[in-house]
Amino acid sequence: MEYKDYYATLGVDKKASADDIKHAYRRLARKYHPDVSKEKDAEEKFKNVQEAYEVLKDPEKRATYDQLGSNWRAGQDFRPPPGGGAYQRYYTSGGDFSEEDLGGFSDFFANLFGGRGAGRAGRSQAHQGGFEGFKQRGADQRATISISLEEAYRGTTRSLQLQVPEVDATTGTVQHKIKTIKVSIPAGAAEGQQLRLAGQGAPGFGGGPAGDIYLEIHIEPNALFTLQGRDVYLTLPVTPWEAALGAEIKVPTLGGPVGLKLAAGTKAGQKLRLKGRGMPAKPHAGDQYAIVQIEIPTAKTESDRELYQKMAQQMPFNPRQQWSV
Amino acid sequence: MVSVEAIMTKKDLLIIADYSEQDLIPVEEVCEICGISNKTLNKLIEYEIIQMDQTSHQLFFNVAQLNRIQTAIRLKRQLEVSTQAVAVILDLLDELETLRSRVEVFEKHYLK
């Protein structure tokens with residue numbers, strides 16, 4: 001088993017004081033907390049930091065760790081002492097970290113401080129020795145359902161499979177059951193929207209209730225449209241003469257193409273609103289916004305250049321007239 | 001509502017779920033799920049970390065509110081900050097999300 005250097009994880013010396021350890025934890029927690037950090041692998045790094053802090057902040061655990069790891073050298077494998085670790089009654093309620101946090105700690109931690117099978121790969125909490133009378137809610141499971149923007153607009157169904165631990169009623173052993181979930185997603189589904197399947201997660205411990213399954217919707221990026229809340233944005237490329245003279249243009253929307261009247265004198269960057277053409281919602285649907293982008297044709301031939309020069313001569317226009325240069 | 005049907009083999013289970021039919025979660029269950037007391041939950045409400053419907057004396061929560069409570073508890077516990085600080089963090093995260101969304105629109109549709 002891989003030895004975990006908790007001091008290195010927190011970036012502190014082995015002789016660091018309790019204050020140093022606390023400050024190091026707080027700095028790294030701010031940096032890697034998955035709710036606020038956009039760093040790569042933030043969640044994994046945060047778990048490592050949490051685990052290290054959980055051990056090093058407690059004088060007794062720290063002493064145990066220092067003692068058991070004192071003969072370890074870099075590159076060696078670590079062997080826990082026979083008979084398990086010193087902390088069989090580690091998991092107490094009301095601690096700084098929740099049972100959910102502790103459930104994510106490594107096998108190395110579990111072997112030092114008790115809690116059989118407490119690895120991060122997912123564990124059943126139903127078979128931890130030495131925890132009689134201890135009641136704990138089962139872990140929740142989370143999954144993401146990725147759908148296209150069109151599917152979010154129209155609604156869709158999805159099937160997914162999750163492996164969830166379950167305690168066999170007859171043998172009492174933990175088995176992994178495959179749960180197939182058929183989900184109906186209504187029209188107007190939003191990014192991050194969650195569906196809770198109560199009691200379908202991992203079994204509880206000591207008579208505690210089972211956890212839940214949470215399914216979160218993720219809407220994939222779209223080549224044409226950008227979603228912002230319930231509104232949808234689209235770039236509308238137009239020619240200079242369409243912008244100058246006005247035009248009737250067919251514009252795609254999620255619900256199908258619609259005609260849009262471009263007014264004469266439309267400017268680049270102008271935002272044209274198509275009311276109710278965004279995502280379905282209550283009390284009213286979002287809008288679609290077409291952002292005007294004037295595309296300038298390249299002068300490829302002599303005739304094209306002459307045309308531009310004629311326009312320059314006949315339409316004196318200085319877009320920089322407000323500059324004093 | 002979620003209907004659960006054991007129609008496959010012993011190892012498999014089929015769950016049919018519908019996003020448009022979400023159960024509301026009673027306050028006692030919210031406290032149990034989040035591992036907090038009623039007092040702690042009331043404190044989160046007091047600091048407007050979750051918005052409550054004042055007119056109906058709301059005793060039920062939807063999934064979005066549950067998730068926000070879980071995030072608040074997680075931040076408070078793991079960052080070792082006060083409830084007031086958690087309220088500020090969540091407000092800033094909301095604002096950050098809005099700004100990121102606006103920047104995405106700006107970069108994709110205005111900066112070509």
Side-chain angles (χ1 to χ4, degrees), chain A residues 22 25-26 29-30 33-36 46 50 93 96-101 137 140 155 161 164 166 175-187 189 192-200 209 211-217 221 226-229 231 233-237 269 289 291 293, chain B residues 1-25 29 32-36 61-64 66-67 70-81 86 89-90 92-93 96-98 100-112:
Chain A
K22 187 191 286 188
Y25 168 73
R26 284 181 177 171
R30 269 208 316 275
H33 195 282
D35 283 321
V36 298
F46 182 71
Q50 257 192 307
S93 59
D96 289 348
F97 293 131
S98 70
E99 309 308 340
E100 186 187 305
D101 300 330
R137 187 173 176 275
D140 295 330
Q161 290 192 326
V164 182
E166 271 205 8
Q175 293 177 352
H176 279 89
K177 199 164 202 151
I178 294 171
K179 291 192 177 178
T180 299
I181 307 171
K182 276 191 180 164
V183 192
S184 295
I185 300 169
Q193 191 175 345
Q194 298 224 8
L195 173 65
R196 175 180 173 243
L197 307 180
Q200 296 299 321
D212 305 326
I213 291 178
Y214 291 89
L215 303 176
E216 181 172 328
I217 288 178
T226 307
L227 189 59
Q228 187 187 21
D231 297 330
Y233 286 78
L234 168 81
T235 297
L236 173 60
Y289 291 94
I291 313 296
Q293 184 178 285
Chain B
M1 291 291 287
V2 169
S3 75
V4 179
E5 299 178 18
I7 63 171
M8 293 183 173
T9 65
K10 240 176 141 176
K11 287 208 163 152
D12 299 343
L13 195 66
L14 175 66
I15 301 171
I16 298 169
D18 192 332
Y19 259 92
S20 57
E21 296 176 358
Q22 288 262 28
D23 291 335
L24 291 176
I25 311 159
E29 198 176 336
E32 188 195 331
I33 291 167
C34 301
I36 58 175
F61 295 79
N62 59 35
V63 178
L66 171 65
N67 280 322
Q70 287 174 314
T71 301
I73 298 300
R74 197 165 51 236
L75 284 168
K76 183 173 167 55
R77 200 178 274 147
Q78 293 171 350
L79 295 180
E80 298 181 339
V81 294
V86 167
I89 292 170
L90 288 173
L92 288 171
L93 287 175
L96 195 57
E97 192 50 44
T98 303
R100 280 198 174 116
S101 182
R102 288 176 66 183
V103 165
E104 191 192 345
V105 168
F106 184 73
E107 285 182 341
K108 193 170 170 185
H109 299 287
Y110 286 91
L111 288 183
K112 281 191 178 168

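Worth saying up front: this structure is predicted, and the values here are computed from it rather than measured. The chains referred to below are lettered A, B, ... by the order of the sequence lines, with proteins before strands, and numbering in each begins at 1.
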Worksheet item: Quick one: what part of L75(B) sits under 4.5 Å from any heavy atom of chain A, side chain, backbone, both or neither?
Response: both

Worksheet item: Non-hydrogen atoms of chain B under 4.5 Å away: do they reach the side chain of Y289(A), the backbone, both or neither?
Response: neither

Practice prompt. Kindly give the heavy-atom pair with the smallest separation between I33(B) and Y214(A), and that separation in Å.
Written response: CG2-OH, 4.1 Å

Fill in: Side-chain donor/acceptor of Y110(B) to backbone N/O of Q293(A), under 3.5 Å
no

Worksheet item: Where do D140(A) and Q70(B) come nearest, in terms of heavy atoms and distance?
Response: OD2-NE2, 3.9 Å

Worksheet item: Considering only heavy atoms from C-beta outward, does the side chain of E80(B) approach that of R26(A) to under 4.5 Å?
Response: yes

Worksheet item: Minimum heavy-atom separation for R196(A) to E29(B), with atom names?
Response: NH2-OE2, 2.6 Å

Worksheet item: When rounded to the nearest 0.5 angstrom, what is the spacing between CG in N67(B) and CD in Q193(A)?
Response: 11.0 Å

Discussion item. For T226(A) versus H109(B), what's the shortest heavy-atom pair and its separation?
Written reply: OG1-NE2, 2.7 Å

Response to the item:
Correct closest heavy-atom pair for E32(B) and R137(A) would be O-CD, 3.9 Å

Worksheet entry | For the student: nearest non-hydrogen atoms of Q228(A) and S101(B), plus distance | CG-OG, 3.0 Å

Worksheet item: Among L236(A), I217(A), L227(A), who wins on heavy-atom pairs under 4.5 Å with chain B?
Response: I217(A)

Worksheet entry | Contacting moiety of L96(B), where chain A heavy atoms sit under 4.5 Å | neither

Worksheet item: Taking the side chain as C-beta and beyond, is there a heavy-atom pair between V63(B) and L195(A) under 4.5 Å?
Response: no

Worksheet item: For L234(A), is it the side chain, the backbone, both, or neither that has a heavy atom closer than 4.5 Å to a heavy atom of chain B?
Response: backbone

Fill in: Region of L66(B) that comes under 4.5 Å of a non-hydrogen atom in chain A
side chain

